[in-house]
Each structure stands twice: as structure tokens, then as C-alpha cells.
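Data first, discussion second: the structure below is written as C-alpha cells.
Below, chains carry the letters A, B, ... as their sequence lines are ordered, and counting in each starts from 1.
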Protein chains: 2
Amino acid sequence: MKFDNHTLILLRRSPLFRALEPSQFNALVDTARLYTLNEGELLFRQGDPLNEVFVNIKGFVKLFRLTPNGDEKVVDIIVPGSSFAEAVLFMGGRQYPVHAVALKPATVVGINAVQYEQMLRSSVDVCFGMMGLMSRRMHWLLNEVDRLTLHNATFRLVIWLLEARCSDPTCNRIALDVPKHVVASRLSIKPETFSRILKRLANHQLISVNDQHIDLLDVAMLEEMIRVEL
Amino acid sequence: MKFDNHTLILLRRSPLFRALEPSQFNALVDTARLYTLNEGELLFRQGDPLNEVFVNIKGFVKLFRLTPNGDEKVVDIIVPGSSFAEAVLFMGGRQYPVHAVALKPATVVGINAVQYEQMLRSSVDVCFGMMGLMSRRMHWLLNEVDRLTLHNATFRLVIWLLEARCSDPTCNRIALDVPKHVVASRLSIKPETFSRILKRLANHQLISVNDQHIDLLDVAMLEEMIRVEL
DNA sequence: GGCCTTAGTTGATCTGGGTCAAGGTGCTCA
DNA sequence: TGAGCACCTTGACCCAGATCAACTAAGGCC
């Protein structure tokens, strides 16, 4: 077996593959490549021609853009189980629109793009899975635009706190598995400002922060903050 | 004939319909509805359940979001020939993610969503057309995020100037068919600032502004501005 | 004609968040 | 074990763009 069981389960669960026949799934997995990335290692560069679509298995991958003068904006942080770069398949030019590097040692599966496109061509159901995925991503991007323009830094940070806590809703802890400055960039906040806002929230007894995690002490109040617009 | 020839041509050219068989196209058009909107009239509200996908025929439609306290962000200005709300089809919930109102007296065709989905189910080619469209929209949204976070107001305005001029590349005139404050909101700039930046560019002999249009006097210089980061 | 109302401009002033600078703290690697 | 480095924090200051306010100009409409 090319991949371990855990990897196969994550792949099978991905919205990319959910609608595939087992035989199709196996065919894709057969030609898939496993990438083992060191911390900071580049997976692809913005502008590179696309020939694979990726699913993250372990670690974190940051997708980001750069200005000519080196400023960086982290567009997304990819967690295990999530796919990325799928939507690029359908764009003229087929170039990755962002850079991708591993934030921690990471393992990522690369799916052959041409072959995946053939699978899509073979089944409307698979297409619908893809369209659902793309639609959710668009909605997410729209929310990003909304938050960047209509809301301030504190608001964005609080939203992130509420959305990032471990899926279990009784759990009010956010693990800081990626450096704070990366989260800051994801939220379009400078590290200094990020640090100050966290401190202010902690002073108000809303959260408590340490090196490994952030605890939400007063979820109701945090939710109120974003409801009434800070 | 339900729609005039001009309308049918615009519909047929839309990426939504390009891959449809003539019979499918006709079936959709048969059940489509024509909306004649007055200036300021609402087409749909954010949160409304989706039952139609739209193609703008005449006039301009603004898509926007509101904060609880009434601040508005114009997400997009839809020009004749463009479709909107297609991607919502594939989202759980199926609610419009933005408000839509006419900026001028406008005519818009509403396509039955359920019926359109059936057409998609019947043909992978039509699905690929849709995925191409969605992919382009996502890329556009990603660029929006990029511009909002990595670039300043002047940069965004200049980009808009260069992209908004009449498709003819020898034409260096931008028609101001929508109020300036709407364009400003589209660019996430306040009207006062928008006005000041235009004035500054005009003082530098880069553009000239009057009530109906903006002329680009020095395209090369404007392009240089966005290349070297203002 | 007179009178709202809406859009736009311009000036004066304010401020959220960025920038710059100076430590602190812990990791890695020799 | 300590030099080097990356990350984070904190303070002082700054600035692009927002806000506030006053004014002009151009419709629509009785």
C-alpha cells in the first residue's frame, strides 16, 4: 500500500473525493505523490503552472501572497484533511494564484490534475461535489472582504477566536500551533497590534493567553462584542 | 417571443448558458422572468432564499453588504451581460449572501434555479462552464483581499482606473455611469478620500475628471505607479 | 420660480493601527 | 554554555485615511 491508513481515510473524506467510485478513487491514489516538507519548505510558488491538486495530511501549510517589496499576506492556513488549489484547475492559464510553504514539518498528497479532471468529466456528481466546495470557498472569501472593510482589527481577532476553537463546542481553548505572527497576517493585523489586542482582551478577563494556547473565559461576552459591533 | 433579440443574445453569450444545447437554452428562457427595476429598487436581500439566478441586461446592479449600524460595502457592480448569484446554487442553505439593488433603471432576467440545476445535472460540459466561471470569480475575490490588505487607497483607485476603461484598449476614457460614492465603496474608500485622490492625480496631469467621465492622460505613468508600488 | 434632497468637494481635525526601536525569552547548534 | 536567531512584547511616535462640518451644484417637483 502506497499510503498509510490514516492518509487514505483523510483522502477519502475530502470533498474532492467523496463522490468518486471506489475504482476511481483508487486510480487517483495510485498516481498521487506524497510530499514530505520540512518547516519553511516551499510546495509551490505563485505563478507556477498547476499540475497537482493537494490534500494536507499532517502539519500546516500557509498560502500567501507577496508584494514586490516583500510584504506578506497570509491568505489561508491549511489544516490536516483540507484540500487546496482545486479551483485553479478551471482557470485559464492554470497557474497557482498564491505561494504555499509548510509551517511545520508537513505531509501533503499531490493529486494529478489532468487525471482528476478526467474523473470530473466522467461524473456529474463529482462535479457537483466540486461546485459545492468552490461555492463554500467563495462565500468564505466574500466574508473575508466583508470583515476587512466593515470591521476593525479587534472584531476580526474576536471572530477568529470564536471560529478557531477546537470544533467541540464545549472546548474553549485555541491551540497556538502556528506562530502568532502568521495568525496576525492571516487576520491582516501587524504582530505588534495583534499582541496589544490580545493583552487588552486578557486585561478585560475575556481570555487568557499563554505560549501554547488561548483560553476563552467569557464566550458570551465575546459573542456580544461581535454582535453589537465592538 | 418573450424577450427581445438583444436580451436573447446577451443571455446566449453568458458563460452560464454557453455550453447548453439550443433546446435546453430555450427551455430555460421559457420559464425565465424579466424584472424591470426602478432606480434604487431592491432585487433581493441578503439572507433571502435563492430561487433564481440572474443575468443583467440593462442598467447597473450593485451587490452590497451592510453592518448592523448601516455601513455599506459595495462588493460588486454588475454590468449588462453579466450574471450574478450563480455560485449560491451550490451552497447549503441557498441564501443570497449579499443585497442587490438597481443603480439605474435596470432590466434583469431571472432564471429558475431548480430548472438550471437540472440542466447542470444533465451535462458535464455545462458543469465545466460553471466551474470555470466560479473559478474566475474566486480569483477575483482573492485579488480583492490582496488589494485591500497589501495596497493603499491610491493604488486601488489607479488599478480600478486601468481596469475599468472601456474594453477597447485605445480608449482611455472611463464613463462615470454610477455615482462616485458607489465606486468609492466598491474600492473601500470613503467619498471624501476618493475625491481627494482623484484631485491629486488630476493635479499631477495623470487624469482629467468631469461629471460624465474620467480621461486617462498618462496611462504609462499610471501603470508604472502600480508596478513600483506607488 | 422656489425649495428640498442628493452628490460631490474642500478644509480642519482626529484616530486606529502602523512603524520604529529597545528589550526579553527561549531555541538551536556548535 | 553561550552565541545567534526567531519570535514576541512594550513603549513612543507617526500617518493614511476617517470623520466632522461647511459649502456648492444639480436635479426633481409642487
Item to check | B:N152 side chain, from C-beta outward: closest of C:dG18, D:dC8, D:dA16 | outcome: D:dA16
Next on the checklist: Side chains of B:E86 and B:S83 only: does a donor on one sit below 3.5 Å from an acceptor on the other?
Outcome noted: yes
Checklist entry - Rounding to a whole Å, what distance do you find between B:L176:CG and D:dA26:P? => result 16 Å
Item to check | Interatomic distance, A:R200 CZ vs C:dG16 C1' [rounded to whole Å] | outcome: 10 Å
Next on the checklist: Output the rounded distance in Å from CG (B:D211) to P (D:dT24).
Outcome noted: 17 Å
Item to check | Atom-pair distance (CG on A:L198; C1' on C:dG17), nearest Å | outcome: 15 Å
Checklist outcome for this item: Heavy-atom nearest nucleotide on DNA chain C taken for A:A153 and for B:V178; more 5' hit belongs to B:V178
Checklist entry - How is B:P179 classified with respect to the nucleic acid when contacts are heavy atoms under 4.0 Å: base, sugar-phosphate, or nothing? => result sugar-phosphate
Item to check | Nucleotide nearest A:K190 (side chain, heavy atoms from C-beta), chosen from D:dA21, C:dT19, C:dA7 | outcome: C:dT19
Item to check | Nearest to side-chain heavy atoms of A:K199, which nucleotide of D:dC7, D:dT10, C:dG17 | outcome: D:dT10
Checklist entry - Can you name the nearest heavy-atom pair linking B:A85 to B:V53, along with the distance? => result O-CG2, 4.1 Å
Item to check | Separation of C:dG17 C1' from A:L187 CG (nearest whole Å) | outcome: 14 Å
Checklist entry - Does A:R156 pair with A:E144 as a salt bridge, N-O distance under 4.0 Å? => result no
Item to check | Closest nucleotide among D:dC20, C:dG16, D:dG11 to the A:R196 side chain | outcome: D:dG11
Next on the checklist: Using whole Å, what does the distance between atom P of nucleotide C:dG18 and atom CZ of A:F194 come to?
Outcome noted: 12 Å
Checklist entry - Does A:H181 make a side-chain N or O approach to OP1 or OP2 of D:dC8 shorter than 4.0 Å? => result yes
Next on the checklist: As a test of reading the structure: which of C:dT10, D:dA18, D:dC7 is closest to the side chain of B:I189, going by heavy atoms?
Outcome noted: D:dA18
Item to check | Below 4.0 Å: OP1/OP2 of D:dA18 and any side-chain N or O of B:T193 | outcome: yes
Checklist entry - A:K180 has a side chain; which of D:dT10, C:dG17, D:dC8 sits nearest to it? => result D:dC8
Checklist outcome for this item: Whole-Å distance, A:F155 CZ to C:dG17 P, equals 12 Å
Checklist entry - With a 4.5 Å heavy-atom cut-off, do B:S135 and A:M134 have their side chains touching? => result yes
Item to check | Along DNA chain D (nearest heavy atom to each residue), the more 5'-positioned of B:E192 and B:I197 | outcome: B:I197
Checklist outcome for this item: note: A:L148, atom CG; C:dG18, atom C1'; distance rounded to Å ~ 16 Å
Checklist entry - Looking at side-chain heavy atoms only, is the closest gap between A:K62 and A:V178 below 4.5 Å? => result no
